[in-house]
There are 2 protein chains.
Amino acid sequence: MLRDRVKEYLLKQIQRNNLQVGKTINLAALARQTQISVTPIREALSQLEESQLIKSVPNRGFIVPELTMSEAKNLYETVSQLEILALESAAIDERLVGKLKKQQLLLQQAHSPLTRLNERFKFHDLLVENCQNTVLMRILDTLKSRIRFYEQLLVKDASFYENSDNQNEGIIRAIEEQNIPTAALILKMNWMLVSDYVVAQLQKK
Amino acid sequence: MLRDRVKEYLLKQIQRNNLQVGKTINLAALARQTQISVTPIREALSQLEESQLIKSVPNRGFIVPELTMSEAKNLYETVSQLEILALESAAIDERLVGKLKKQQLLLQQAHSPLTRLNERFKFHDLLVENCQNTVLMRILDTLKSRIRFYEQLLVKDASFYENSDNQNEGIIRAIEEQNIPTAALILKMNWMLVSDYVVAQLQKK
DNA sequence: TAAGTTTAAATCGTATACGATTTAATTCGA
DNA sequence: TCGAATTAAATCGTATACGATTTAAACTTA
């Protein structure tokens, strides 16, 4: 269905940092870009509205929502808890540690802020890769898409990643030792680190 | 916007148990019922699809998803955790205990399974009434809408409510004593009670 | 020159048209 | 009579039309 294709397209645009906060999505332009007429485009955008990735303003159209401190706090609080739940309910697979280490290397070798951010999200996705709760995973995916807007705009500082990298290594070590409560605790601290950083950056604006 | 009105209408229909599991939503009929043309109806249904309350099947339309054991388990696991998070982060207001007691009375006086179910959901909504995390509350609302399908169809037995009522009273008592960890624990047990009951009923089918 | 007003163009949200697909009803053959 | 084939009707998903609203451009006035 065309609606699904448009939604996929827009989610990819989000990952590539091609949807700017505050920007109105021009339906005619998007129809030309995708060669799909506006009806399924509107349906897809309505879905993204439901996910809070897009908001609609009557007679003005679909707009990428501005960033707010309260939303940031709420998002990070919720994601943190849900990701811990997913980690705790996932089957730990012995190849996971290898994958995490490899991913952490990729993260550290990333050259641009956007690549680094994407690798960081992949690291988190790996942590919960084996979680079988599809309801939970779907919610997490959606929330993380919204979080991308915050981090794409606000997390550029390489020094931030040093602290985060240390925590990621701590998480890997804990998982290697099958010590899930410690992994969960460090994971929570990691999300708090990002949350505090994002909130501080928002306060400067 | 008409899309929002259709969505509200359909969410109300869900609460009233007027959307049957497995039923295909007839767009022309809904357009006649609501006096709204199919374009905003499809947009609203696309949104409900995004929430997993409705699924779309190509060339057949929008259908209320069947109930499954795995979805039930996943839903209850996730709702339980999120509601506990919301309870723990809510400001406890001294009028809350009074409201909960009153609501519990309404629950116990309800004459029909559907009324009783709706009162039970209101009880749960009251528990988290003061939670300021709008991201979390929105997710909870959506998940609970989906859970209604399970409970409308499967939870009819009055004896189930006796156990649930006892737990509700335990939760009220714990909150009255400002003992949130205990309230959270009983709340978790309450969701497990429902989950186990629903899963058992599904197993009979 | 800046602010206000008017006009023109662009865009939005909804209704409607229409080809494709599914469902229902009817017919045919064993 | 039952199952398969054919026909008809209903419905779906998408494209397009169009009135309403917003935005942009042009004009006027102080």
Side-chain angles (χ1 to χ4, degrees), chain A residues 1-14 18-68 138 142 145-146 149, chain B residues 1-14 18-68 138 142 145-146 149:
Chain A
M1 296 189 65
L2 295 184
R3 168 172 78 228
D4 300 329
R5 286 180 41 195
V6 175
K7 186 175 134 194
E8 297 296 329
Y9 174 82
L10 290 169
L11 287 171
K12 282 282 180 6
Q13 294 300 103
I14 292 174
N18 288 337
L19 284 203
Q20 305 307 321
V21 166
K23 170 178 168 157
T24 302
I25 294 168
N26 184 303
L27 298 176
L30 187 51
R32 286 192 300 273
Q33 283 162 37
T34 59
Q35 295 298 302
I36 294 171
S37 69
V38 298
T39 307
I41 285 173
R42 288 186 60 87
E43 289 179 10
L45 286 164
S46 297
Q47 292 188 323
L48 295 181
E49 182 190 19
E50 185 63 25
S51 302
Q52 306 281 289
L53 298 178
I54 296 281
K55 88 178 162 187
S56 70
V57 181
N59 293 311
R60 290 184 58 197
F62 294 93
I63 298 170
V64 181
E66 299 287 351
L67 308 180
T68 72
R138 191 181 164 94
T142 300
S145 288
R146 180 59 188 153
F149 288 109
Chain B
M1 295 189 68
L2 296 185
R3 169 173 76 230
D4 301 329
R5 285 180 43 195
V6 176
K7 187 176 136 194
E8 297 296 330
Y9 172 82
L10 291 169
L11 287 173
K12 282 281 183 359
Q13 293 301 101
I14 292 173
N18 288 338
L19 285 204
Q20 306 306 322
V21 166
K23 170 177 169 160
T24 300
I25 293 167
N26 184 305
L27 298 177
L30 187 51
R32 284 191 302 271
Q33 283 162 38
T34 58
Q35 294 298 302
I36 295 172
S37 69
V38 299
T39 305
I41 285 173
R42 288 185 59 86
E43 289 177 12
L45 286 165
S46 297
Q47 292 188 323
L48 294 182
E49 181 190 20
E50 184 64 24
S51 301
Q52 305 282 291
L53 297 179
I54 296 281
K55 89 179 162 189
S56 70
V57 180
N59 293 308
R60 291 183 58 197
F62 294 93
I63 298 170
V64 181
E66 300 285 349
L67 308 182
T68 71
R138 191 181 164 89
T142 301
S145 289
R146 179 62 186 148
F149 289 110

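Everything numeric here is computed off the predicted structure, so don't read it as measured data. Naming convention: chains lettered A, B, ... in sequence-line order (proteins, then strands); numbering from 1 in each chain.
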Handout entry: Out of C:dT23, C:dT16, D:dT14, whichever nucleotide has its closest atom nearest the side chain of B:T39
Key = C:dT16
Problem - Reported CD-to-OG1 distance for the pair A:E8 and A:T34, which is rounded to 0.5 angstrom - result: 13.5 Å
Practice task
First locate atom CZ of A:R32, then atom CG of A:L27, and finally report the distance between them rounded to the nearest 0.5 Å.
Solution key: 11.0 Å
Practice task
Take atom CD1 of A:I41 and atom C1' of C:dC12, then tell me their distance rounded to the nearest Å.
Solution key: 13 Å
Handout entry: Atom pair distance, as rounded to whole Å: CD1 in A:I36 and C1' in D:dG13
Key = 12 Å
Completion exercise
Output for pair (A:N18 CG, A:K23 NZ), nearest 0.5 Å, gives 8.0 Å
Handout entry: B:E49: salt bridge (charged side-chain N to carboxylate O under 4.0 Å, His left out) partners, not counting sequence neighbours
Key = A:R3
Practice task
Figure out the CG/P separation between A:L2 and D:dC12, and round it to whole Å.
Solution key: 17 Å
Problem - N or O in side chain of B:R60 less than 4.0 angstrom from C:dT21 OP1/OP2 - result: no
Fill in the blank from the handout: Walking DNA chain D from its 5' end, the first of A:V38 and B:G61 to be reached, judged by nearest nucleotide, is B:G61
Exercise for the section: Please report, rounded to the nearest Å, how far the P atom of C:dC12 is from the CG atom of B:D4. Expected result: 17 Å
Handout entry: Atom pair CZ/CD of B:F149 and B:Q20 - distance to nearest 0.5 Å
Key = 9.0 Å
Exercise for the section: Hey, which sits more toward the 5' end of DNA chain D by its nearest nucleotide, A:Q35 or B:L27? Expected result: B:L27
Practice task
Identify which nucleotide among C:dT11, D:dT11, C:dT14 has an atom closest to any side-chain atom of B:N26, counting heavy atoms from C-beta outward.
Solution key: D:dT11
Exercise for the section: Give one of base, sugar-phosphate or nothing for A:V6, where a contact means two heavy atoms less than 4.0 Å apart. Expected result: nothing
Fill in the blank from the handout: Tightest non-hydrogen contact, residues A:S145 and A:I14, listed as O-CG2, 3.9 Å
Practice task
May I ask you to say what A:I25 touches in the nucleic acid, namely base, sugar-phosphate or nothing, with a heavy-atom cut-off under 4.0 Å?
Solution key: sugar-phosphate
Handout entry: Proximal nucleotide (of D:dG13, C:dG13, C:dC12) relative to the B:N59 side chain
Key = D:dG13
Fill in the blank from the handout: Of the listed C:dT14, D:dC12, C:dG13, the closest approach to the A:F62 side chain comes from C:dG13
Problem - d(CG, A:L45; P, C:dT11) in whole Å - result: 15 Å
Fill in the blank from the handout: Whole-Å distance, A:L30 CG to D:dT14 C1', equals 15 Å
Problem - OP1 or OP2 of D:dG13 under 4.0 Å from side-chain N/O of B:R42 - result: yes
Fill in the blank from the handout: Here the gap from B:E43 atom CD to A:S56 atom OG, rounded to the nearest 0.5 Å, amounts to 9.0 Å
Practice task
Could you tell me the separation between the CD atom of B:E43 and the C1' atom of D:dT14, rounded to a whole number of Å?
Solution key: 13 Å
Exercise for the section: Would you mind reading off the distance between B:K23 atom NZ and C:dT23 atom C1', rounded to a whole angstrom? Expected result: 17 Å
Completion exercise
Considering only heavy side-chain atoms of B:M1, the closest of D:dT16, D:dC12, C:dG13 is C:dG13
Practice task
Answer yes when A:K7 and B:E50 have at least one side-chain N-carboxylate O distance shorter than 4.0 Å, and no when they do not.
Solution key: yes
Exercise for the section: Grab the stems for DNA chain D, please: at least three consecutive Watson-Crick or wobble pairs, both distances below 3.5 Å, written as range with range. Expected result: C:1-30 with D:1-30
